[in-house]
Amino acid sequence: MSETPSNAPDTPAASNFVRDLVRADNEQGTFGGRVQTRFPPEPNGYLHIGHAKAICVDFGIAEEFGGLCKLRFDDTNPVTEETEYVDAIVDDVRWLGFEPGEPVYASDYFETLYQWAEHLIATGFAYVDDQDAETISAQRGGYGRPGVESPFRDRSVEENLALFRAMRSGDLPDGSHVLRAKADMQHENMQLRDPIMYRIRHEHHHRTGDQWVLYPTYDWAHGQSDAIEGVTHSLCSLEFDSHRALYDWYLEHCPLPGDQPRQTEFARLELTYTITSKRKLRQLIDDGVVDGWDDPRLPTLRALRRRGYPATAIRSFCDFIGVAKTNSRHQIEMLEWFIRNELNRTALRRMAVLRPIKLVVTNWPAGHVEMVELVNNPENPDDGVREVPFTGEVWIEDDDFKAEPPPKYFRLTPGREVRLRGAYYVQCTGFSNDADGNVTEVHCTYDPDTRGGNAPDGRKVKATIHWVSTAHAVPIEAALYERLFAAEVPGERTGDPIDDLRPNSKTVLAGKAEAALGDVAPGQVVQFERLGYFARDGERAGLFHRTVGLKDDWANAQKRTK
RNA sequence: UCCGGGGUCGUUCAAUGGUAGGACGGCAGGUUUUGGUCCUGCAUAUAGGGGUUCGAGCCCUCUCCCCGGAACCA
């Protein structure tokens with residue numbers, strides 16, 4: 001994975017500040033030349049595209065410097081966490097193309113953490129507070145306002161130890177006591193105003209069961225877990241910047257087995273027209289706006305996988321956008337370009353008509369069937385060719401005929417000649433329509449000399465359209481997806497992204513396709529010629545999800561003139 | 001209000017005191033049996049004011065703007 005992604009734009013490896021920093025550490029021998037990172041999700045939901053960047057950075061940096069990256073579950077809060085998510089996350093990381101090995105857990109270190117907490121008590125750097133959450137919060141003060149020290153702050157070591165052990169015993173109710181670090185109630189950084197290390201929660205933990213009622217907070221668990229594992233570079237997102245001082249403070253007060261790890265923050269990945277808030281994602285599912293965590297309109301890795309986004313393309317994208325400290329939001333078009341770029345090279349071409357109208361070749365010999373040859377992928381000759389039956393009656397896309405063509409329309413219209421891909425030139429002689437004026441049938445004549453789609457006299461046509469013989473067509477269903485949100489930054493207007501939901505983000509069409517589409521493997525992505533890339537559903541044969549459309553200058557131009 | 005982090009083409013990422021560059025997007029053209037791909041070209045940026053320097057996007061200083069921070073969440 002350390003090689004340059006094959007479909008990334010051909011530019012020199014972009015420098016980024018994290019890479020520079022790790023390299024500098026190596027040159028100075030800061031960690032004895034060792035590089036170790038970790039990807040630390042909380043198992044309380046599914047991974048999304050934002051996590052993909054973190055995974056690429058965490059695993060990528062380790063790989064690049066010959067180091068190690070572990071998948072660590074930050075499972076310090078039993079009320080939100082479940083084994084189901086653990087399994088899904090491992091699966092998603094692997095799908096992305098990284099080997100998580102045997103995952104580790106913050107809960108593996110509960111006993112060590114506990115011992116170190118007693119060490120802090122013994123050295124005078126932690127105390128048990130009997131006050132409730134509200135009181136503690138109020139005493140914390142505010143920005144530019146002083147904090148108030150807890151009346152329990154100066155308990156003796158003996159009393160603290162006894163109380164802390166009682167907390168562990170399970171005899172004390174939730175919320176009755178917490179363990180706090182004795183740091184600095186006047187610190188300008190609120191994180192240092194005697195933060196909570198332990199709270200009592202009589203809850204079942206997905207791994208440790210009922211063994212503990214004492215659960216460490218994130219800040220107390222994270223850096224210590226890093227140190228226990230031998231992490232050198234603890235990479236996280238920008239919002240933890242203000243936690244770094246506390247991260248260091250804890251580390252300096254613990255009897256570490258080795259080097260003190262260092263936290264570095266970088267900007268998380270945000271995309272236009274997309275949300276990644278777990279809470280809001282869940283709401284979309286609960287409200288029935290989407291069908292589930294793997295609904296292809298969602299940015300979860302499961303959804304993107306189902307939609308046909310290749311993991312390699314996602315990785316290339318993540319590698320390409322780099323790592324910085326600027327809060328930013330990448331355009332989704334950039335991601336889509338990476339998806340198309342990869343699929344263009346790899347996806348087999350097939351013909352499918354999604355909004356069929358009938359085209360009748362009036363001079364075609366009745367009942368005659370002819371096999372025509374089509375290339376499977378013009379970008380890759382190794383994919384070979386296939387034969388497709390052509391007859392005098394085919395389905396074509398209703399978009400490809402206009403009784404009254406707009407300016408610069410190249411496709412079928414009365415009198416116009418076009419090419420049916422791989423078959424013949426046909427010229428439109430007329431059409432019929434129903435009472436409402438809808439076109440029901442297009443009439444053409446074909447030129448027998450143009451078999452294969454070439455005119456011996458050298459005359460050109462401006463359009464080539466796809467088709468499917470009506471007698472040989474297999475029915476398919478195609479799910480078309482639009483962006484879930486109509487706004488670049490969902491929720492920017494009102495504060496709630498739900499207000500920016502686009503009404504019809506999913507359309508299912510009953511189409512007609514060539515027989516080869518019956519052979520597409522679950523999850524495989526093919527290109528429906530001129531329409532886009534489509535992924536075969538994981539379960540249902542005949543159901544295809546549109547991964548992404550083809551770039552369509554004609555449609556874009558039409559949209560603009562409207 | 002206090003502390004911290006940021007501010008470079010429309011967007012995003014580079015340029016580490018020495019020619020402001022790439023990608024996506026846009027526009028124009030060429031090739032093409034996908035209005036796809038590919039190729040060529042064009043346009044657009046250092047938030048503002050002072051300073052240091054032969055030379056500043058980069059260093060100093062003042063101002064402005066954006067983001068984060070006062071869970072027993074992570």
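Everything numeric here is computed off the predicted structure, so don't read it as measured data. Scope of the values below: all heavy atoms of this structure, side chains included, with no hydrogens, waters or symmetry mates.
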Does [X] reach a base, just sugar-phosphate, or nothing at all? Heavy atoms under 4.0 Å.
X      : answer
A:P41  : nothing
A:D132 : base
A:D20  : base
A:V79  : nothing
A:Y425 : nothing
A:N454 : base
A:L550 : base
A:K408 : base
A:N189 : nothing
A:E488 : nothing
A:F240 : base

Output the single nucleotide from [options] whose closest atom is nearest the side chain of [X].
X      : options             : result
A:N327 : B:G5, B:A70, B:C72  : B:G5
A:S137 : B:G36, B:G69, B:A71 : B:A71
A:T217 : B:A74, B:C13, B:G26 : B:A74
A:N556 : B:C72, B:U34, B:G26 : B:G26
A:W554 : B:G35, B:G68, B:C72 : B:G35
A:E188 : B:U37, B:A74, B:C3  : B:C3
A:M334 : B:C3, B:C24, B:G69  : B:C24
A:K325 : B:A74, B:G5, B:A70  : B:G5
A:F410 : B:G35, B:A14, B:G69 : B:G35
A:D552 : B:C73, B:G35, B:C13 : B:G35

Can you classify the ring geometry of A:F110 versus A:H205 as parallel (below 30°), tilted (30 to 60°) or perpendicular (above 60°)?
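The arrangement is perpendicular - the two ring planes meet at more than 60°.
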
Over 60° means perpendicular and under 30° means parallel, so classify the ring planes of A:F410 and A:W554, tilted if in between.
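A:W554 and A:F410: parallel rings.
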
Classify the side chain of [X] and the base of [N] as holding, or not holding, a donor-acceptor pair under 3.5 Å.
X      : N     : result
A:E379 : B:G36 : yes
A:Q527 : B:U34 : yes
A:Q331 : B:G10 : yes
A:R411 : B:G35 : yes
A:H243 : B:A74 : yes

Strictly below 4.0 Å: does [X] bring a side-chain N or O up to OP1 or OP2 of [N]?
X      : N     : answer
A:T326 : B:C67 : no
A:T76  : B:A74 : yes
A:R180 : B:C72 : no
A:T80  : B:C73 : no
A:R329 : B:C66 : no
A:R244 : B:G4  : no
A:R268 : B:A74 : no

With a 3.5 Å distance limit and no angle check, can you tell me whether A:T135 reaches the backbone of A:Q131 through a side-chain donor-acceptor pair?
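A pair under 3.5 Å: no.
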
Relative to the 5' end of RNA chain B, which residue comes earlier, A:R421 or A:A133, by the nucleotide with the nearest heavy atom?
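Whichever sits nearer the 5' end wins; that is A:R421.
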
Residue met sooner reading RNA chain B from 5', once A:A267 and A:G453 are mapped to nucleotides:
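Result of the comparison: A:A267.
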
Between [M] and [N] - [atom1] atom distance, rounded Å:
N     : M     : atom1 : result
B:C73 : B:A20 : C1'   : 44 Å
B:U34 : B:G22 : C1'   : 29 Å
B:U44 : B:G51 : P     : 29 Å
B:C3  : B:U16 : C1'   : 28 Å
B:G4  : B:G10 : P     : 32 Å
B:G48 : B:U53 : P     : 23 Å
B:G26 : B:C9  : C1'   : 12 Å
B:A43 : B:U52 : P     : 35 Å

Beyond-backbone contact of A:I200 with A:S176, side-chain heavy atoms, under 4.5 angstrom
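A side-chain contact under 4.5 Å exists here.
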
Take A:K182 and A:D129 through the salt bridge (Lys or Arg N to Asp or Glu O under 4.0 Å) test and state the conclusion after the steps.
CA-CA 11 Å; A:K182 195 176 191 171; A:D129 198 332; over 6 Å; no

Passing candidate, salt bridge (charged side-chain N to carboxylate O under 4.0 Å, His left out) with A:D400, options A:R411, A:R416, A:R355:
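Testing each of A:R411, A:R416, A:R355 against A:D400, the sole residue satisfying salt bridge (charged side-chain N to carboxylate O under 4.0 Å, His left out) is A:R411.
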
Do A:Y143 and the base of B:A70 stack face to face, with centres under 5.5 Å apart and an angle between planes under 30°?
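Ring-base stacking flag not set for A:Y143 and B:A70.
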
To the nearest Å, how far apart are [X] [atom1] and [N] [atom2]?
X      : N     : atom1 : atom2 : value
A:L235 : B:A74 : CG    : P     : 20 Å
A:E397 : B:G35 : CD    : P     : 12 Å
A:Y218 : B:A71 : OH    : P     : 17 Å

With a 3.5 Å cut-off and no angle check, do the side chains of A:S242 and A:N189 form a donor-acceptor pair?
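A:S242 vs A:N189: no donor-acceptor pair found between side chains.
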
A:R268 atom CZ: more than 12 heavy-atom contacts under 6.0 Å:
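Incorrect, the count does not exceed 12.
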
To check you understand the geometry: which heavy-atom pair defines the closest contact between A:V353 and A:W395, and what is its length?
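In terms of heavy atoms, the two residues are closest at CG2-O, 3.6 Å.
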
